[in-house]
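Notes to accompany the following structure.
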There are 2 protein chains.
Amino acid sequence: MKRQNFSRRPGCAVETALDLIDGKWKGVILYHLQAGTQRFGELRRRMPSVTQRMLTKQLRALEQDGLVIRKVYAEVPPRVEYTLSELGESLRPVIDILKAWGEGHQERLSGAPAPHLVKKPKRAA
Amino acid sequence: MKRQNFSRRPGCAVETALDLIDGKWKGVILYHLQAGTQRFGELRRRMPSVTQRMLTKQLRALEQDGLVIRKVYAEVPPRVEYTLSELGESLRPVIDILKAWGEGHQERLSGAPAPHLVKKPKRAA
DNA sequence: CAGAATCCGAAAGGATACTG
DNA sequence: CAGTATCCTTTCGGATTCTG
């Protein structure tokens, strides 16, 4: 997943950014954290379809990438809070536009394989 | 990779969009196609680090998703051109913002694991 | 030129069970 | 509550060879 540093050829900047939010969940996690600091369990409730293992893994990855700050409270029962870092906050417009695009277009993507790919049936049997 | 249709819970729109540009290359391909229709070989030259197998696969995926239109010319030697569909064009602002973000932040990501994760050496030995 | 086919190792992602 | 630890399957992605 980590790729090396592609100096600064254009298009690679796209890759740089995509790297941080790829996979199935990272973008969604970032989105939910935009609502503010959240505990692990809260995030789980907001994302019912992610397994707890994956949520943990992705959160750690985001932490490694410096997008999210993980704060552990030495309490019983345990409490762990996740917050967007400054860098993570800076992704807000990116996430927002992804969300806006998704909302605007997901109906078109429902099942249809793509209009121009649909074989026209050769006028019935 | 295809997930089903998550009605319209927020955050899932993020996933919808991310789905289309995830993986290592799709975003970059889309970016390069923004410069206009390109032949397979042109794309390869613009993306020297992608193998031809992956380029083919990702282009097919993009075609399936309706973002790219593939046009084959019945010629010898063969010619195949790839163009952004209308839907693909509609992603332009998304790609642009990814690129802009990447450009603005990739220096900070060079090698550093994330500022707040760096263990401060306990004042020298 | 633009691929298809095959093979392979590495990650991603999921299910389930267990724990401090 | 917030994870680990295993196990497992699927997908990603690269290398190489072959072809119309």
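Hydrogens, waters and symmetry mates are skipped; everything else that's a heavy atom, side chains included, is used. In the text below, chain A, chain B and the rest are named by the order of the sequence lines, each starting its count at 1. Because the structure is a prediction, the values reported are computed rather than measured.
- Contact annotation: B/Lys24 reaches the phosphate of D/dG14 (side-chain N/O to OP1 or OP2, under 4.0 Å).
- When the side-chain nitrogen and oxygen atoms of A/Arg44 are compared with OP1 and OP2 of D/dA2, none of them lie within a distance under 4.0 Å.
- Between A/Thr51 and B/Thr56, it is B/Thr56 whose nearest contact on DNA chain C lies nearer the 5' terminus.
- In this structure, the CZ atom of A/Arg53 is 17 Å from the P atom of C/dC18, given to the nearest Å.
- Atom-to-atom, CE of B/Met47 to P of C/dA2 comes out at 15 Å; the value is rounded to the nearest Å.
- Residue B/Glu63 contributes atom CD, which lies 15 Å from atom P of C/dA2 at whole-angstrom precision.
- Atom NZ of A/Lys57 is separated from atom OG1 of A/Thr51 by 9.5 Å, given to the nearest 0.5 angstrom.
- Shown here is A/Glu86, whose CD atom has no more than 12 heavy atoms of other residues, nucleotides or ligands within 6.0 Å.
- Rounded to whole angstrom, the span from the CD atom of A/Glu81 across to the P atom of D/dC1 amounts to 14 Å.
- What separates CZ of B/Phe40 from C1' of D/dG20 is a distance of 15 Å, to the nearest Å.
- At distances below 3.5 Å, not a single donor-acceptor pair connects side-chain atoms of A/Thr16 with backbone N or O atoms of B/Gly102.
- Looking at heavy-atom distances under 4.0 Å, B/Gln52 makes contact with a base.
- The nearest whole Å value for the distance from the CG atom in A/Leu55 to the C1' atom in C/dG14 is 14 Å.
- Looking at B/Glu42 and B/Arg39, no side-chain N of the basic residue comes within less than 4.0 Å of a carboxylate O on the acidic one, giving no salt bridge.
- Contacts of A/Tyr73 with the nucleic acid, taken as non-hydrogen atoms under 4.0 Å apart, are absent.
- Separating the CD1 atom of B/Ile29 from the P atom of D/dG13 is a distance of 10 Å, rounded to the nearest angstrom.
- A close approach under 4.0 Å does occur between a side-chain nitrogen or oxygen of A/Arg60 and OP1 or OP2 of D/dG3.
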Exercise for review: Please report the C-alpha distance between A/Val80 and A/Arg70 in whole Å, then the side-chain angles of each, then the deciding distance to 0.1 Å, and finally whether the side-chain contact (heavy atoms from CB on, under 4.5 Å) criterion is met.
Suggested key: CA-CA 7 Å; A/Val80 180; A/Arg70 178 169 179 265; 3.8 Å; yes
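- OP1 and OP2 of D/dG3 both lie 4.0 Å or more from every side-chain N or O belonging to A/Arg79.
- Taking atom CE of B/Met54 as the reference point, atom P of C/dA4 lies 14 Å away to the nearest angstrom.
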